[in-house]
Each structure stands twice: as C-alpha cells, then as structure tokens.
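Below, chain A is the first sequence line, B the second, and so on; all start at residue 1. Note that the coordinates shown come from a computational prediction; the quantities given were computed from them, not determined experimentally.
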Number of protein chains: 2
Amino acid sequence: MGLCLITAVITVAQVHGTKSRTLLPMARWEPNAAERLAHAALDLFAERGYENTTVIDIAQRAGLGKSTFFRHFQDKREVLFGGGAMDGLLVEAIAAAPATATPLEAVAHALDAAGREVFTPARREFIARRQAVIAANPELREREALKNLALIASMTDALRQRGVPDLTARVAAELGALASTIAFERWSRTATGDDFSEIARQALDDVQASTSLC
Amino acid sequence: MGLCLITAVITVAQVHGTKSRTLLPMARWEPNAAERLAHAALDLFAERGYENTTVIDIAQRAGLGKSTFFRHFQDKREVLFGGGAMDGLLVEAIAAAPATATPLEAVAHALDAAGREVFTPARREFIARRQAVIAANPELREREALKNLALIASMTDALRQRGVPDLTARVAAELGALASTIAFERWSRTATGDDFSEIARQALDDVQASTSLC
DNA sequence: CGCAGTGATGAGACAAAGTCCCATCACTGG
DNA sequence: CCAGTGATGGGACTTTGTCTCATCACTGCG
C-alpha cells in the first residue's frame, strides 16, 4: 500500500520556540503533543514491536499521560495514521486536472501531487521506517487497508464529479491505487533521492499496459 | 466487498441428532459450538448493533461461556468471518482453469466456483443480512478490507503459478476483486434467485470494458 | 459394572484498550 | 490580583483478549 501514508508528523516544526522560558514545569504544556506522541510511538514500535508497546509507554516517552494520548488519537493504531490530509490532497488534485484529461491522467495528476507534498526525498527514510512497522503487524495492516479503501472511495467520487461514468471512475481509482502501491514499493527501495512522481507515472503506465494483457 | 464472504455457518446442519437423548444437562456438549456462536452473534449485531453487543452476550445466547468463544474465534470481529474456505476455493479454481485461459478468464473461473459453492440462492438472504451488519460498523469493515487484501494476494499467487507475469497477475487479481464486489452488490439486491456466476461474468466484462475507457 | 483417559467446556484472575469524569495547572484577559 | 479557558493528569470503570486450572460429558477398557 502506498496511498494512505504519512500525514501526522507533517505539521512538525512550527510553533516551537515561542515559550522556551518556562521549560522547568516539565514537558507538559509544550506544544505539538500529537507529533511527540506519533514519534514516540514509531520509535517504540520499531524497538520492541507494536504489541509489546503499551499506550502508557508511548505517552510516558512523550512526557504525557494516557488520557492525553486518547484525546489526540482515536485508538492505538491511529497514532501512525494521524494527519490524514492525503485524502483532500488527492481529491483536489483530481478536481484540478485539465478538463481534457482522461480519468487515469487525472489520477496521475493526483499522484504527482502526492509526490510533491508527501512522498518527498527528505521524508523517504522516515516513511519507509513507518511502513516497515506497519507491515510487521496485522492490526496495523488492517487499519492501513481501511484507509486505502477510503482513499479509493474519495478518488472515485472526485472522478465522478468530473463527469466520469460510475464504473469507469471505480476502475480508474482502483488502478490508480494499485499503481501507487507499486510506485511506493519501488520508491522506498531506491537509495537515491529519486522523484516519486516520476516513479508513479511509470508505474501507472505499467499497470495500464498490463490491463491489455489480461 | 464481495469476495471475503461467509464461510462460517457453511458446515451447518450435519451432526445434530446423534445424541438427542441427553438434552437435559443443558446446551453444553451440544455440537457445532462455532456455528451457534456465529448465528447468535449475527442476530445480536443485527438487533442492537456490533458495539452494543458483548462477547459474553453472544456466548450466553449460544449457551456457552466467554472462554469457549475465544477458543473458537481469534477475536470478536472474526466471528463473522469464521470459516475462510473462500481462499482455497478461489486458488483451486484458478489453478484448475484451462491452460489456454487468459488471466481474467481464470479469474472468471474462480468467480464461477464462488457462485457454485458460496453465493448460492439459498444463502443469499443470510449473506446479505451479514453484509449489512458489516457495512454498519467500521471495525468490521476494517476486518473485511484485510480479508479482501489476503484474497487478492492469494489470487495473484495462483495466477503467477500459471506463468502469468507478476504485474499482470496483480492487475488481474485486483480487477477480479473489483468485479466480484460489484457482482455482489448487484446479486444481493436481486429479489429473484439469480445466479451469482452469471452476474459475476457480466460484471467482469463490464470492468474489463471500462479499463479501455480510462 | 466401574474406572481411568480424553476433550470440550467453565470460571475466574489478569493485562491492556478505551471511555468518562473531575481536579489541576498554565496561561490569558480584565 | 482574579476569574476564565483549555490542555492535561489521574483514577474509576467496562470490555477485549489471555491464561490457568478445575469440571463435566462421554469413551474405552478391564
């Protein structure tokens, strides 16, 4: 799966530094609680595994309490899928594609946007690490599958609003998701700072070519 | 989703009646504990909803204890996805397809098998009821998404073993899953005893035709 | 007829997930 | 200096899921 990735930890460095005077009272009241929790969780999951990590462990490492964890995340799995801006990003990109674009070209437009905003070279290592944690645990893969389904539904809707017939929209969204997954697999293996958008376009072409051989 | 359906409750009426003499000592030691639990669960989920139903509630309605529930099912969700013979059924059907068949024809072969063995007219109402329960709850949809993923992976493997190239196998499996989902949507709406296999073949044709319009 | 063995079950203790309520603390504005 | 706001902490509570051990039904054997 490649679409439903990272979104938490995206709004990272921003506030920090406004009130560096009152550091004594402890980590509490320090900003970015959600980000700290997400980072602490990824670290712990990578160290000891998802199931050997307690929500309390995560909260403690972030200098927070259990209550605060559940105030920021619906459940333990969600800490790795937090942000979720991916959805809107793809929908907007599909809507913004030229009116003359075919469904799959509109999807390619969306994958470009993902490459520009999310799957950046700077985040590659972090995202791959996160993906490894997810792949290692059934509960997390389950959540990822659901997110992916939601993403496909969003893309399908976005295509329909361009006037694409229902079934065609569904097929295009599904093929786009598959291409994205394949592109992500290739991209996370590249040691170099390869551009995700290029890889994704290539993957989309490959997928489209394969449909003729079915 | 249509592929990952029913499997529990499939080995239903069989043993019953061998020891109808000792009925007094209570439901215990009555056979088919798993089936009784699955039916009790579906009834309760339909009545009060998944989240308002306790595992203990389910066990009690089946005349069993909590321990026995978790002895038969990994977790609360799994009670609706129990059997799981679907996987092997599709894999075997794909392997058994004529060597001359294209990937999608092999998949069509698998959907035929599903229509013959699982999505029978007699089970239509029950399956639709179960699907409604799943659709009404995020946790259950999540599990369904994971099962669907596993099914796609199985079909992909089965196609690869026929000598189909990796990417083509993946695309064919994905398109087959989509066709199956669409076929299931259509089939569960038909009041008549329509044949799932026919609907599925039609859906597969529709999907294939749509790929040309992307 | 009785007696030990097997297998499914039940009961209860336990850890962790998730929910809820309320007190507390940091900071804000008057 | 004081009241208000919002994020936090703590703890009680329910439920899920695990584990261990005793129990019961039925089986086969002497």
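- Each of dA16(C), dT19(C), dG17(D) was ranked by its minimum atom distance to the side chain of Lys66(A); first place goes to dT19(C).
- Proximity of Arg77(A) to the phosphate of dG18(C): a side-chain N or O atom is located under 4.0 Å from OP1 or OP2.
- Counting any heavy atom pair closer than 4.0 Å across all strands shown, Ser67(B) reaches a base atom.
- By the side chain to side chain contact (heavy atoms under 4.5 Å, CB included) test, Ala172(A) is found to be paired with Pro103(A), Leu104(A), Leu159(A), Cys214(B), residues two or more places apart in sequence or in another chain being considered.
- Between Phe73(B) atom CZ and dT18(D) atom C1' there is a gap of 18 Å when expressed in whole angstrom units.
- A straight line from CZ of Phe69(B) to C1' of dT16(D) spans 10 Å, rounded to a whole angstrom.
- Screening Val79(B), Asp75(B), Leu80(B) for a side chain to side chain contact (heavy atoms under 4.5 Å, CB included) involving Arg77(B) leaves a single residue, Asp75(B).
- Atoms CD (Gln60(A)) and C1' (dA16(C)) sit 14 Å apart, rounded to a whole Å.
- Of the candidate nucleotides dG9(D), dT16(D), dT19(C), dT16(D) has the atom lying nearest to any side-chain atom of Val55(B).
- Leu64(A) places its CG atom 6 Å from the P atom of dT8(D), with the value rounded to the nearest Å.
- Rounded to whole angstrom, the span from the CZ atom of Phe70(A) across to the P atom of dA12(D) amounts to 18 Å.
- The cationic atom of Lys76(B) (NZ for Lys, CZ for Arg) does not lie both less than 6.0 Å from the six-membered ring centre of Phe70(B) and within 45° of the ring axis.
- Across dT16(D), dC20(C), dT9(C), the shortest atom-to-atom separation from the side chain of Ala33(B) is found for dT9(C).
- Nucleotide dT8(D) holds its C1' atom 9 Å from the NE2 atom of His72(A), rounded to whole Å.
- If you check every strand for non-hydrogen atoms under 4.0 Å, Thr68(A) touches sugar and phosphate atoms only.
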Distance-only criterion, 3.5 Å: show the donor-acceptor pairs between side-chain atoms of residues 57-69 of chain A and protein atoms not counting sequence neighbours.
unit_1: Asp57(A); atom_1: OD2; unit_2: Arg48(A); atom_2: NH1; d: 2.9
unit_1: Asp57(A); atom_1: OD2; unit_2: Thr54(A); atom_2: N; d: 3.0
unit_1: Arg61(A); atom_1: NH1; unit_2: Glu47(A); atom_2: OE2; d: 3.1

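- Of the charged side-chain nitrogens involved, none lies within less than 4.0 Å of a carboxylate oxygen, so that Lys147(B) and Asp87(B) do not count as a salt-bridged pair.
- A straight line from CD of Glu78(A) to P of dA17(C) spans 15 Å, rounded to a whole angstrom.
- Of the two residues contacting DNA chain C, namely Arg71(A) and Ile56(A), the nearest-nucleotide position lying further toward the 5' end is that of Ile56(A).
- Listed by residue number, the members of residues 41-52 of chain A with any heavy atom below 4.0 angstrom from DNA chain C form an empty set.
- Of the inter-residue distances, the one linking Phe119(A) atom CZ with Asp194(A) atom CG reads 15.0 Å to the nearest 0.5 angstrom.
- Using a 3.5 Å distance cut-off with no hydrogens or angles, the side chains of Asp206(B) and Gln202(B) do pair a donor with an acceptor.
- As a whole-Å value, the separation of Asp75(B) CG from dA17(C) P is 15 Å.
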